Amino acid sequence: MRTYLLKRLLQIIPTVLGITFVVFVMMRSIPGDPVVALLGDAYTEENAIKARHDYGLDKPILVQYVIWLGKLVQGDWGTSILSGRPVLKDVMVRLPVTLELIFLSMAVALAIAIPAAIIGALRQNTWADYTATSVAMVGVSIPEFFLGVLLLLAFSIGLGGMLPSSGWVYLPGTCQTVVCAASLWGNTQHVLMPALALGVGRAALLTRLLRASMLEVIRTEYVTTARAKGLSERPVILKHALKNALIPTVTVMGLQVGFLIGGAIVVETLFAMPGLGTFGIDAIIARDYQQVQGFALITAFAFVVINLIVDLTYTFLDPRIRYT
Amino acid sequence: MRSMRLLLGLLLGTGVLLGAAGAAPTEAQTPKRGGTLRVSYGNEIANLDFHTAPGYEMMWVAMNVGCGLVNITPDGKFVGDAAESWQVSPDGLLYTFKLKKNVLFHDGMKVDAAAVKFSIDRLMDPATGSGMRTFYESVNSVEAVDPLTVQIRLKHPYAFMLHMLAGYRTGLIIYSPTATQKFSLDDRKQGKPGAVVGCGPFKLIEWVKGSHLVMDRFEKYFEPGLPYLDRVIIRVIKDPVTEMAAFKNGEVDFIASFSPEHVDTMKAQSPRAQIMTGKETTPMLAAMKVTIPKDGKPMSKDRAPHPIFSDIRVRKAVGCYGIDRKEIVKIAFKGQATPWVGIIPPGTMDTVDVNHLCPYDQAKAKALLAEVGYGPQKPLTFELMTNTEKTVFNVIATVIKEQMARIGVTANIRLVDKVTWMAAANQDGPWDMYVEDLLSLLTLDSNAFLSTTGASWNHTRHLDTKVDDYYARYAREMDPIKRKAIAKEFQEFSADKLYWNAISGSPFYMVAQPWVKGYVYNAEFEVHWDKVWLDK
């Protein structure tokens with residue numbers, strides 16, 4: 001297990017570096033120039049040449065990448081070309097917001113998917129199953145931004161401002177800025193709609209997947225044996241069937257983190273949240289190369305680490321699985 | 001019965017009291033001190049170096065954190081900011097400013113003549129890379145005569161010196177020499193504590209990009225009793241639907257720039273909202289490229305005619321007679337803009353209506369195209385570039401495409417993001433026509449840096465030095481009547497040549513909650529929250 005873990009941890013390094021290199025090259029290959037965004041109406045050829053030199057943008061791409069990498073190993077993630085702000089500092093301010101959003105979206109997805117899938121599997125081809133399957137189908141079909149707007153109209157405008165439409169209140173103890181609102185209740189109010197907007201689509205997908213797995217598992221011999229032993233239905237389903245049926249679902253959950261990061265860009269923009277999603281999209285739009293690199297680095301790292309955790313979860317769900 | 005009368009009497013008495021309270025305008029209008037103004041921006045602040053950062057979002061912060069010499073009122077009068085008084089020599093070559101005695105920077109240092117000299121010298125220094133530099137071209141030298149007297153000596157008369165100091169971009173923002181030398185450019189850009197030091201009514205507390213910018217009242221501000229507000233918090237809400245929801249919910253007090261296409265929805269959703277607008281001072285353009293680099297190298301001095309639009313007849317057929325400006329305004333702006341041909345929009349000083357020079361006339365457009373050789377056998381096709389910054393650009397581009405089809409011309413729309421558009425336009429990239437609204441113009445003179453032959457923002461890359469002559473004559477003419485005549489002649493010339501093809505004015509809106517009092521609307525030029533107070 002230890003050897004396996006070490007091997008996987010070491011694999012993270014080339015994977016993340018590979019992603020950052022691809023992003024580095026791609027960003028410089030698309031049209032647009034960060035210097036144009038930086039200078040705005042102060043743009044002149046002379047100013048542009050000077051700015052490119054100051055930010056090292058006149059060097060060959062590979063040299064630029066090596067310089068970036070050299071600084072990275074020293075803990076320097078670079079400085080935003082546009083704002084002059086240290087990228088690492090901004091990432092750290094925004095990371096808790098996006099992590100919370102992703103975590104809660106997944107929680108929303110599971111809270112909907114697990115009961116819906118169990119009901120659907122146990123009462124296959126009944127109205128309950130059809131309802132769960134239909135709702136899942138609708139959920140998969142609604143994009144995050146559309147559901148977000150519907151939630152906004154319903155809870156921020158329609159119900160007399162029941163929930164705040166935008167902004168963020170931090171969880172106590174997670175705020176890193178001088179002026180900061182932090183409270184558990186405020187945080188709950190602010191995260192509810194974004195988490196629902198992001199989570200419902202995932203819930204629908206997981207429901208369909210888990211229902212199919214459950215249908216397979218409840219027909220296996222060990223489940224019949226458990227019932228024959230006289231166990232009541234609840235432990236049979238929750239302890240024996242669900243645990244095994246969750247394995248493919250957990251795999252997909254890990255992969256869904258990538259979609260959640262992508263969805264966070266849309267949801268954070270819609271709800272004006274100060275998270276990594278808006279950080280990334282602002283950087284891409286402004287061609288702020290350093291900031292894009294920071295975004296790519298942290299999201300790639302988060303993705304591979306979460307998938308490693310997912311792989312390790314298999315041993316908990318099915319003790320027969322052993323890593324060597 | 002007696003108790004009924006007593007109840008009636010009590011009700012009447014209460015009614016009289018309530019009525020009296022409601023009918024006490026003087027009491028209700030007395031500004032209240034305190035509170036936080038929650039402002040919403042539609043775009044992110046680029047950075048906080050006020051002398052170099054682009055974008056109105058930064059400028060509106062600069063106008064409240066910084067102070068200058070003079071400000072301009074909505075009716076075009078100049079009022080002193082840090083300057084108590086000023087004099088212009090009879091030959092128009094020497095401006096003498098007397099500073100107020102009690103003006104302090106936020107770090108406690110005095111605002112004196114040396115600070116003014118330092119700031120102007122810094123703006124004029126090519127190494128600073130300020131977009132304002134071009135406007136100081138007429139300045140010969142700046143001298144600190146004594147701690148409270150500063151003189152600006154010009155090389156030649158410049159009729160718009162005060163306009164420029166007050167309202168071109170941020171106007172002059174006086175920098176603290178001590179703080180500027182102590183901190184680096186990156187410190188200032190990121191708003192590091194202590195690095196952004198102004199002399200305005202609010203001091204910068206914190207800027208967290210993507211989250212908020214906070215400014216608190218500067219207790220030693222030179223205007224007694226001002227500002228009324230304790231704090232201003234700026235948040236960025238990019239989505240207009242969310243912005244309107246936040247406004248309706250009371251989460252936002254002031255929307256600094258509101259998109260015209262959502263004004264009707266805002267009125268329906270929040271009937272008590274104060275929707276502020278004024279003269280249209282921003283031009284909406286359908287610019288046509290006139291020259292291209294002969295050697296294929298962008299920005300090359302060696303120019304060749306643009307294959308389509310270098311021919312004045314094609315420019316006129318497409319940009320003048322082929323575009324129905326009224327229809328564009330009706331569709332894209334829901335009628336809330338003015339169709340306009342002139343080089344400066346309808347709200348800019350010395351503007352002239354030259355719409356009669358470009359009437360919508362499909363037959364004339366077709367005839368001109370036929371004269372050049374375009375027709376069914378050789379149809380004209382060009383690329384129409386537009387960007388994603390504002391939806392109105394894309395609507396206009398779509399209407400133009402439809403109007404072009406009516407005269408047998410194919411306009412292929414190329415939708416790009418803002419930075420790609422800026423790169424193509426500023427760096428002499430390949431494009432034929434673009435739709436954009438560029439900058440707000442206080443005077444015709446302020447358009448010079450966008451359209452003289454040598455200007456880097458001369459996107460169409462025309463080479464007609466007559467344009468430069470017009471700008472120079474206009475800026476140097478001190479007699480307002482003669483200046484007006486030059487402006488008229490220039491606008492007629494411009495409508496004839498179409499180096500700068502306007503479609504309409506571009507309206508600007510701000511929205512405030514009913515409890516926001518004391519704000520004086522002056523478009524994008526002057527955004528000051530020092531006299532704002534909250535009636536709640």
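Throughout, a chain's letter reflects where its sequence line sits, starting with A, and its residues are numbered from 1. Everything numeric in this text was worked out from a predicted model, so none of it was measured.
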Rounded at 0.5 Å granularity, tell me how far [atom1] in [X] sits from [atom2] in [Y].
X	Y	atom1	atom2	value
A/Leu152	B/Asn249	CG	CG	9.0 Å
B/Asn47	A/Ile81	CG	CD1	12.0 Å
A/Ser165	B/Phe247	OG	CZ	12.0 Å
A/Phe279	B/Ser211	CZ	OG	13.0 Å

Check each atom of [X] against the heavy atoms of chain B and say whether the ones under 4.5 Å are side chain, backbone, both or neither.
X	answer
A/Asn47	side chain
A/Ile157	both
A/Val93	side chain
A/Ile30	neither
A/Tyr43	both
A/Thr278	neither
A/Ile281	neither

Within the side chain of [X], is there an N or O that forms a donor-acceptor pair under 3.5 Å with the backbone of [Y]?
X	Y	value
B/Glu206	A/Val179	yes
A/Ser166	B/Thr242	no
B/His212	A/Cys180	no

Item to complete: Indicate whether any N or O donor in one side chain lies under 3.5 Å from an N or O acceptor in the other, for B/Ser456 and A/Glu45.
Response: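 Not at all, the side chains of B/Ser456 and A/Glu45 share no donor-acceptor pair under 3.5 Å.
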
Which of the residues [options] is involved in the greatest number of heavy-atom pairs with chain A at under 4.5 angstrom?
options	answer
B/Gly191, B/Ala245, B/Ala53	B/Ala245
B/Lys248, B/Gln427, B/Glu44	B/Gln427
B/Val252, B/Asp239, B/Val416	B/Asp239
B/Pro54, B/Gly131, B/Ala46	B/Pro54

Report which part of [X] has an atom under 4.5 Å of a heavy atom belonging to chain A: side chain, backbone, both, or neither.
X	value
B/Arg231	side chain
B/Leu48	neither
B/Pro126	backbone
B/Glu243	neither
B/Val208	both
B/Ile237	both
B/Arg133	neither

Quick check: are there more than 12 heavy atoms from other residues, nucleotides or ligands sitting under 6.0 Å from [atom1] of [X]?
X	atom1	answer
B/Met299	CE	yes
A/Met162	CE	no
A/Lys71	NZ	no
A/Tyr65	OH	yes
B/Phe183	CZ	yes

Item to complete: Please say whether the positively charged group of B/Arg235, taken as NZ for Lys or CZ for Arg, lies over the ring of A/Trp168, i.e. under 6.0 angstrom from the six-membered ring centre and within 45 degrees of the axis.
Response: no

Item to complete: Would you please go through residues 285-294 of chain A and name the residues with a non-hydrogen atom below 4.5 Å from one of chain B, in numerical order?
Response: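 Listed by number: A/Ile285, A/Ala286, A/Arg287, A/Gln291.
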
Below 4.5 Å, heavy-atom pairs only: which of [options] has the largest tally toward chain B?
options	value
A/Lys50, A/Glu46, A/Lys89, A/Arg94	A/Arg94
A/Pro34, A/Pro164, A/Ala37	A/Pro164
A/Gly161, A/Ser83, A/Ala272, A/Pro274	A/Ser83

Discussion item. Applying side chain to side chain contact (heavy atoms under 4.5 Å, CB included) to A/Arg85 and B/Trp207, what does each step give before you reach the verdict?
Written reply: CA-CA 10 Å; A/Arg85 299 172 63 85; B/Trp207 176 44; 4.1 Å; yes

Practice prompt. Assess whether side chain to side chain contact (heavy atoms under 4.5 Å, CB included) is satisfied between A/Leu38 and B/Lys189, documenting all intermediate values.
Written response: CA-CA 11 Å; A/Leu38 172 73; B/Lys189 278 170 72 178; 3.7 Å; yes

Discussion item. Between B/Lys238 and A/Asp282 (salt bridge meaning N to carboxylate O under 4.0 Å), is one present in this structure?
Written reply: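 Result for this pair is yes, salt bridge flagged.
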
Discussion item. Applying the side chain to side chain contact (heavy atoms under 4.5 Å, CB included) criterion to B/Asn426, which one of A/Val36, A/Thr44, A/Val35, A/Asp33 satisfies it?
Written reply: A/Val36

